[in-house]
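Notes to accompany the following structure.
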Amino acid sequence: MITLDVALGDRSYPIYIGSNLLGQTELLKKHLGGSEVLVVSNETVAPLYLDKLMASLEGCRAESVILPDGEKYKTLDVLNNVFTALLEKRMGRQTTIVALGGGVIGDMAGFAAACYQRGVPFVQVPTTLLAQVDSSVGGKTAVNHPAGKNMIGAFYQPKCVIADTAVLNTLDDRQLSAGIAEIIKYGLIRDEGFLLWLEENVEALVGRDTDALVYAIEKSCINKAEVVAADEHEHGQRALLNLGHTFGHAIETAMGYGEWLHGEAVAAGMYMAADLSARLGWLTKTDVARLEKLLRRANLPVKGPSISIEKMKDLMAVDKKVQDGQIRLVLLKAIGEAVVTDDFDAALLDQTLEQCQV
Ligand code: NAD
Ligand code: GLY
């Protein structure tokens with residue numbers, strides 16, 4: 001097992017990465033706030049892994065609440081089911097909420113933990129590659145609004161993250177690739193060495209080679225933990241983790257939540273960011289072609305769906321990076337070097353939006 005640290009002073013916490021961690025009783029138990037636990041999962045993940053997790057909580061009062069599966073259920077309405085379960089079961093302030101699922105469950109359970117009785121302990125047990133390399137680390141929690149993705153939420157750190165790589169065996173290939181998009185992101189924004197490794201090993205990831213997966217999860221979590229430790233509340237460099245997300249969130253919202261997977265929308269969005277960076281003279285055409293090749297090898301899209309430029313820009317303006325009404329984008333000065341900027345010619349953005357869709 002690999003243990004990493006998210007260094008946030010007295011709110012620091014470990015990320016455990018390894019195979020068959022789900023059944024390890026002591027790993028989870030030592031991070032509980034008391035003896036009451038509410039596991040939040042969904043209709044797909046619970047039949048696969050809930051019993052195993054519950055068994056490791058023997059001796060605790062462990063309850064569960066099962067939410068419908070899908071990005072379209074990441075809403076305030078559905079979140080209320082968690083509060084109803086907590087209240088009906090008379091669960092107290094020491095109750096630990098455990099998220100067992102992908103990023104949707106992690107984001108929702110985390111937000112519930114931030115709100116219930118003004119904050120109860122929280123543990124992340126991410127079960128998708130995307131959640132293991134990104135969403136379970138760093139304390140961003142949220143639900144979607146019909147008008148904008150992840151617009152209602154809170155920063156709320158977990159007590160630990162338990163990333164059991166064995167659960168990835170049941171994940172389908174499309175979801176695995178969606179996770180690889182966020183892995184590629186770290187290479188593009190701050191770790192060219194990791195990008196080079198990805199260029200050598202992307203087929204091993206797609207083919208679920210265990211060593212390659214563990215290495216990619218570890219490198220991703222190291223990158224994410226460093227950024228979060230330096231800028232927990234996104235006053236500066238944490239925004240760089242949003243490479244491709246302003247474009248991607250607009251695609252997800254325009255298409256209807258769940259049509260395009262988050263990782264797929266981020267992949268197309270990263271390609272758009274690279275395309276615009278090249279139009280600004282920062283990246284070369286060779287850099288953009290290099291990214292295109294890597295995304296394609298990971299079975300990820302490079303072009304977005306057909307959406308009018310006006311609609312894309314409208315949706316991109318509903319973004320947490322907007323300042324004084326101005327869209328700010330994460331762009332690439334070079335491979336491995338990202339910046340947040342509003343200093344781009346609007347006509348070039350139009351060209352990117354026009355060229356980078358099917
Ligand atoms: P997801 O949670 O919808 O999971 C994808 C699918 O895989 C679901 O159908 C799920 O039920 C299923 N699944 C999960 N684990 C499985 C397993 N082990 N075996 C079989 N099926 C399994 O999607 P995701 O890609 O994990 O997460 C995307 C969400 O994460 C988005 O809402 C996005 O906004 C959010 N996100 C948050 C952060 C953050 O920092 N908080 C970062 C990135 C993404
Ligand atoms: N996924 C972006 C962040 O955690 O900041």
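Excluded from the calculations below are hydrogen atoms, water molecules and symmetry mates; all remaining heavy atoms, backbone and side chain alike, are included. In each ligand, atom 1 is the first atom listed, and ligand 1 is the first ligand listed.
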Pairing residues for Arg328 by the salt bridge (charged side-chain N to carboxylate O under 4.0 Å, His left out) criterion, not counting sequence neighbours: none
Taking atom types as modelled, find out whether Lys72 and Asn144 have a side-chain donor-acceptor pair closer than 3.5 angstrom. no
Does at least one non-hydrogen atom of Lys224 fall below 4.0 angstrom from an atom of ligand 2? yes
For ligand 2, is there an N or O atom under 3.5 Å from any N or O atom of Arg238? yes
Quick look: Asp134 vs ligand 2, heavy-atom contacts under 4.0 Å, and the answer is side chain
Salt bridge between Glu36 and Lys89, side-chain N to carboxylate O under 4.0 Å? no
Inspect the contact between Lys29 and Glu26 and indicate whether a charged nitrogen and a carboxylate oxygen are less than 4.0 angstrom apart. no
May I have the N/O to N/O pairs between ligand 1 and the protein that fall below 3.5 Å, each with atom names and distance to one decimal?
{"from": "ligand 1", "atom 1": "2 (O)", "to": "Gly103", "atom 2": "N", "distance (Å)": "3.1"}
{"from": "ligand 1", "atom 1": "2 (O)", "to": "Val104", "atom 2": "N", "distance (Å)": "3.0"}
{"from": "ligand 1", "atom 1": "9 (O)", "to": "Asp69", "atom 2": "OD1", "distance (Å)": "3.1"}
{"from": "ligand 1", "atom 1": "9 (O)", "to": "Asp69", "atom 2": "OD2", "distance (Å)": "2.8"}
{"from": "ligand 1", "atom 1": "11 (O)", "to": "Asn42", "atom 2": "ND2", "distance (Å)": "3.0"}
{"from": "ligand 1", "atom 1": "11 (O)", "to": "Asp69", "atom 2": "OD1", "distance (Å)": "3.1"}
{"from": "ligand 1", "atom 1": "11 (O)", "to": "Asp69", "atom 2": "OD2", "distance (Å)": "2.9"}
{"from": "ligand 1", "atom 1": "15 (N)", "to": "Thr127", "atom 2": "O", "distance (Å)": "3.3"}
{"from": "ligand 1", "atom 1": "15 (N)", "to": "Thr127", "atom 2": "OG1", "distance (Å)": "2.7"}
{"from": "ligand 1", "atom 1": "18 (N)", "to": "Thr127", "atom 2": "O", "distance (Å)": "3.0"}
{"from": "ligand 1", "atom 1": "18 (N)", "to": "Val167", "atom 2": "O", "distance (Å)": "3.0"}
{"from": "ligand 1", "atom 1": "18 (N)", "to": "Thr170", "atom 2": "OG1", "distance (Å)": "3.4"}
{"from": "ligand 1", "atom 1": "19 (N)", "to": "Thr170", "atom 2": "O", "distance (Å)": "3.4"}
{"from": "ligand 1", "atom 1": "19 (N)", "to": "Thr170", "atom 2": "OG1", "distance (Å)": "2.7"}
{"from": "ligand 1", "atom 1": "26 (O)", "to": "Gly103", "atom 2": "N", "distance (Å)": "2.8"}
{"from": "ligand 1", "atom 1": "26 (O)", "to": "Thr128", "atom 2": "OG1", "distance (Å)": "2.6"}
{"from": "ligand 1", "atom 1": "27 (O)", "to": "Gly103", "atom 2": "N", "distance (Å)": "3.2"}
{"from": "ligand 1", "atom 1": "32 (O)", "to": "Glu71", "atom 2": "OE1", "distance (Å)": "2.7"}
{"from": "ligand 1", "atom 1": "32 (O)", "to": "Glu71", "atom 2": "OE2", "distance (Å)": "3.0"}
{"from": "ligand 1", "atom 1": "32 (O)", "to": "Lys74", "atom 2": "NZ", "distance (Å)": "2.7"}
{"from": "ligand 1", "atom 1": "32 (O)", "to": "Lys149", "atom 2": "NZ", "distance (Å)": "3.1"}
{"from": "ligand 1", "atom 1": "34 (O)", "to": "Lys74", "atom 2": "NZ", "distance (Å)": "3.2"}
{"from": "ligand 1", "atom 1": "34 (O)", "to": "Lys149", "atom 2": "NZ", "distance (Å)": "2.7"}
{"from": "ligand 1", "atom 1": "34 (O)", "to": "Asn150", "atom 2": "ND2", "distance (Å)": "3.2"}
{"from": "ligand 1", "atom 1": "40 (O)", "to": "Lys224", "atom 2": "NZ", "distance (Å)": "3.4"}
{"from": "ligand 1", "atom 1": "41 (N)", "to": "Asp107", "atom 2": "OD1", "distance (Å)": "2.9"}
{"from": "ligand 1", "atom 1": "41 (N)", "to": "Lys140", "atom 2": "O", "distance (Å)": "2.9"}

Ion pair Lys140/Glu234, N-O distance below 4.0 Å: yes
Sequence neighbours excluded, the answer for side chain to side chain contact (heavy atoms under 4.5 Å, CB included) partners of Thr253 is Lys149, Tyr257, Leu315
Mark up the atoms of ligand 2 that fall under 4.0 Å of a heavy atom belonging to Leu241, in ascending order. 2 (C), 3 (C), 5 (O)
Residues two or more places apart in sequence or in another chain: which of them pass salt bridge (charged side-chain N to carboxylate O under 4.0 Å, His left out) with Arg290? Glu192, Glu199
Taking atom types as modelled, is there a side-chain donor on Lys321 or Thr246 under 3.5 Å from an acceptor on the other? yes
